[in-house]
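In what follows, chains carry the letters A, B, and so on, assigned in the order in which the sequence lines appear, proteins first and then strands, with residues in each chain numbered from 1.
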Protein chains: 2
Amino acid sequence: MREFLKTKGFKMTPQRELIFRSFFELDRHVSVDELYDKVRQQDNTIGYSTVWRNLKLICKVGLAEEVNLGDGVTRYDRVTQGPHGHLYCLQCKELVEFDVEPVLEFLTVAADEHKFAPDGIKIEIQGHCAKCRKANKKKARPVDQPAAKRLAEKRP
Amino acid sequence: MREFLKTKGFKMTPQRELIFRSFFELDRHVSVDELYDKVRQQDNTIGYSTVWRNLKLICKVGLAEEVNLGDGVTRYDRVTQGPHGHLYCLQCKELVEFDVEPVLEFLTVAADEHKFAPDGIKIEIQGHCAKCRKANKKKARPVDQPAAKRLAEKRP
DNA sequence: ATTGAAAATGAAATTCGATTTCATTTGGCT
DNA sequence: AGCCAAATGAAATCGAATTTCATTTTCAAT
């Protein structure tokens with residue numbers, strides 16, 4: 001990694017080493033805060049801005065990319081093998097990946113038709129995971145409308 | 001619209017009327033600031049928070065939804081006929097829509113395989129529009145390496 | 001028409017993640 | 001060893017999003 005960074009004009013430091021290692025150890029899609037917490041457990045002198053800057057650096061050198069789910073927190077997603085979409089549970093915030101290979105060509109063609117040169121493709125499905133749905137069913141079961149009323153509304 | 005809102009328990013006001021009308025008149029994907037500017041031209045007493053709250057309300061009643069392109073500004077996209085993806089030019093910020101009907105089923109199945117109940121699907125292609133690419137070519141044409149040097153590097 | 005509760009408004013303040021500033025330290029070269 | 005650009009940490013700043021609060025307005029029930 002030291003060599004890799006050197007070729008891009010960046011230096012290696014103990015802090016950077018720890019931050020990079022922690023990022024790649026951690027499960028994907030971490031926020032700055034999450035990584036900061038993890039790093040802090042091993043070196044409680046590292047500054048927040050250092051973690052932030054290094055996360056940005058990881059993106060800049062192409063090893064990760066930002067993910068925005070619209071909840072106001074930027075997450076950093078390790079760039080791995082292939083392109084993938086995100087399934088995002090609106091309730092528990094779980095984020096799982098799924099393969100999008102089969103739709104890539106369609107999207108590329110679509111971009112082409114509009115004369116766009118695509119740089120990145122993002123596919124996100126927001127919804128509710130199985131666990132949360134099961135939990136919801138137990139708790140807040142909606143009150144069933146009486147059949148009489150239901151029928152009454154059909155023919156006013 | 002007054003009646004529509006009433007059924008959902010909201011009241012109509014002159015400000016709301018103007019904000020709603022402006023939103024639907026405006027091209028899609030407006031930010032709060034953009035809508036605020038437009039509204040202000042017609043009534044310079046309307047407060048920013050009123051515009052913000054009404055934009056949220058438009059979403060709440062299902063007439064629009066938030067779009068996050070990761071540039072730090074939330075836009076509000078009128079919900080129209082069918083689902084669509086976004087082509088987003090990273091340079092000039094132009095945002096155009098394209099039909100995603102053909103990939104919907106694939107994505108639904110994918111969600112299902114992971115036991116997710118999808119609420120919304122977002123497909124975004126970031127890149128560069130034709131206009132920006134053409135402009136770039138004119139300006140920052142990369143300096144062509146002399147043939148001699150190119151050849152020299154091939155066989156050291 | 002009057003009225004009272006709930007909803008809406010406008011201005012200002014607050015929140016909070018992202019980003020920058022700046023003084024100091026450090027890495028990696030000669 | 002000595003230099004200089006890059007990196008760091010703490011604190012300050014930024015800006016969009018959101019909330020607070022005192023006041024006004026809507027609208028349904030009188």
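- With rounding to whole Å, A:Asn54 atom CG is found 14 Å from C:dG27 atom P.
- Among the atoms of the strands shown, only primed sugar atoms or phosphate atoms (P, OP1, OP2) are found under 4.0 Å from some heavy atom of B:Thr13.
- Distances shown here put a side-chain N or O of A:Arg2 below 4.0 Å from the OP1 or OP2 atom of C:dG28.
- Rounded to whole Å, atom P of C:dA8 lies 12 Å from atom CD1 of B:Ile19.
- The residue among A:Arg40 and A:Leu57 whose nearest nucleotide of DNA chain D lies closer to the 5′ end is A:Leu57.
- Look at B:Thr50 and you won't find any side-chain N or O under 4.0 angstrom from OP1 or OP2 of C:dA8.
- C:dA8 atom P lies 16 Å from atom NZ of B:Lys56, rounded to whole Å.
- Formation of a donor-acceptor pair under 3.5 Å by the B:Arg75 side chain with backbone atoms of B:Leu69 is not found in this model.
- First and last contacts of DNA chain D with chain A, using any nucleotide atom under 4.0 Å from a protein heavy atom and ordered 5' to 3', fall at D:dA5 to D:dA10.
- Here C:dA18 is the nucleotide among C:dA8, C:dG27, C:dA18 with the atom lying nearest to any side-chain atom of A:Tyr48.
- A residue-by-residue look at B:Arg53 and B:Arg75 shows that B:Arg75 has its nearest nucleotide of DNA chain D further toward the 5' end.
- Across all strands shown, B:Ser31 has no heavy atoms under 4.0 Å from either base or sugar-phosphate atoms.
- In terms of heavy atoms, A:Cys129 sits closest to A:Cys89 at N-SG, 3.4 Å.
- Between the NZ atom of B:Lys6 and the C1' atom of C:dA6 there is a distance of 15 Å, rounded to whole Å.
- In this structure, CH2 of A:Trp52 is placed 11 Å from C1' of C:dG17, rounded to the nearest angstrom.
- Checking B:Met12 against A:Phe10, the closest nucleotide of DNA chain C that is more toward the 5' end is the one next to B:Met12.
- Put simply, CG on A:Leu5 is 14 Å from P on C:dG27, counting in whole angstrom units.
- In plain terms, the two heavy atoms of A:Asp99 and A:Pro83 that are nearest each other are OD1-O, 4.1 Å.
- If you measure from atom CZ of B:Arg16 to atom P of C:dA7, you get 11 Å, rounded to the nearest angstrom.
- By the rule that hydrophobic residues join a cluster once side-chain heavy atoms approach within less than 4.5 Å of another member, B:Ile121 and B:Phe106 end up as members of one cluster.
- Under 3.5 Å, the side chains of A:Glu97 and A:His29 contain a donor-acceptor pair of N or O atoms.
- Remark: B:Glu94 does not engage B:Lys131 in a salt bridge, criterion side-chain N to carboxylate O under 4.0 Å.
- In this structure, B:Asp112 contributes its side chain and B:Thr108 its backbone to no donor-acceptor pair below 3.5 Å.
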